[in-house]
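Note that ligands are numbered from 1 as they come in the structure, with each ligand's atoms numbered from 1 the same way.
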Amino acid sequence: MKVKRFSSMDDLYSHAVATIVEAKNNGATTFGLATGGTMEPLYAKICKTDIDFSHCISFNLDEYVGLEATHEQSYAYYMNKHLLNQKPFLASYLPDGLAVDPLVETARYEGLLQQYPLDFQLLGIGQNGHIGFNEPGTSFASLTHLVTLEESTRQANARFFSSIDEVPRQAYTMGIQSIMRAKCILLLAVGEAKREVLERLLASDYTEDVPATALSKHPNVMVLTDLQEEENKL
Ligand code: GLP
């Protein structure tokens, strides 16, 4: 896992855009996308470029269960608002939060991912080490599945809802194995709230207790952060 630290947010996000452009220039056509506050400045920057995704396919990592695509906090809505309306892809897939049968839905999504293997995957990280919505303890062999969100994840994401009660309790997420199949992975860990988890990620062994440590066995992962190494740490 390579780590690049930036003192300027603008440089960090410019580097992220450049990494995506480079992947595209090298032939990437299938992109795994992420949501969350961390990704908003990235998508804003992408929208200001002339990058053309019209021959590419996108897959989102996850979606809340129970929210319609028109709900302002659904990840479908987020993606349209921040990226896809301005930069349309040939096709864009997300899990369907309103699917009637979770087993059918997760098999459908995983089938699509296997049909269109990911060339590139963008990741944020949760404060508990989750990637996508793979909470601590998730098997590293997991495929797309239904998860019950940890209370800490609901609390962390409550800032986007008018109250904690509105935050869904379940979500669909690509599994760790689904994510690990991507040829190239770019993880962004931005802001003080991510300091502790970034340190844990970099210091931990390969452990399902910290889902993001699965990435340590991936041959092509880049982590971008604005967090500097703490000096004189005892
Ligand atoms: C959510 C998403 C993750 C995201 C994480 C961090 O739980 N499911 O994919 O990486 O939150 O979000 P933020 O960037 O808002 O801190």
Are there any N/O pairs under 3.5 Å between ligand 1 and the protein, and if so, what are their distances?
residue: ligand 1; atom: 7 (O); partner: His130; partner atom: NE2; Å: 3.0
residue: ligand 1; atom: 7 (O); partner: Asn157; partner atom: ND2; Å: 3.2
residue: ligand 1; atom: 8 (N); partner: Asp62; partner atom: OD2; Å: 2.8
residue: ligand 1; atom: 8 (N); partner: Gly132; partner atom: O; Å: 3.3
residue: ligand 1; atom: 10 (O); partner: Ile125; partner atom: N; Å: 3.4
residue: ligand 1; atom: 14 (O); partner: Gly37; partner atom: N; Å: 3.4
residue: ligand 1; atom: 14 (O); partner: Thr38; partner atom: N; Å: 2.9
residue: ligand 1; atom: 14 (O); partner: Thr38; partner atom: OG1; Å: 2.4
residue: ligand 1; atom: 15 (O); partner: Gly37; partner atom: N; Å: 2.8
residue: ligand 1; atom: 15 (O); partner: Arg159; partner atom: NH2; Å: 2.7
residue: ligand 1; atom: 16 (O); partner: Lys194; partner atom: NZ; Å: 2.6

Completion exercise
Sorted by chain and residue number, the side chain to side chain contact (heavy atoms under 4.5 Å, CB included) partners of Lys183 (sequence neighbours excluded) come out as Asp119

Problem - Pairs satisfying salt bridge (charged side-chain N to carboxylate O under 4.0 Å, His left out), at least one member in residues 41-56, at least two apart - result: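 The answer is Asp10-Lys45.
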
Problem - Partners meeting ring-ring contact (aromatic ring centres under 6.0 Å, His included) with Tyr64 (sequence neighbours left out) - result: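 Tyr64 satisfies ring-ring contact (aromatic ring centres under 6.0 Å, His included) with Tyr75, Phe133, Phe161 once adjacent residues are dropped.
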
Practice task
Assess the pair His15 and Phe6: is the distance between their ring centroids shorter than 6.0 Å?
Solution key: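 His15 vs Phe6: aromatic centres under 6.0 Å.
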
Practice task
Kindly say whether the aromatic ring centers of Phe59 and Phe31 come within a distance under 6.0 Å.
Solution key: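 Aromatic pair excluded; centres sit 6.0 Å or further apart.
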
Practice task
Please examine the side chains of Thr144 and Arg108, heavy atoms only from C-beta on, and report whether any two atoms are closer than 4.5 Å.
Solution key: no

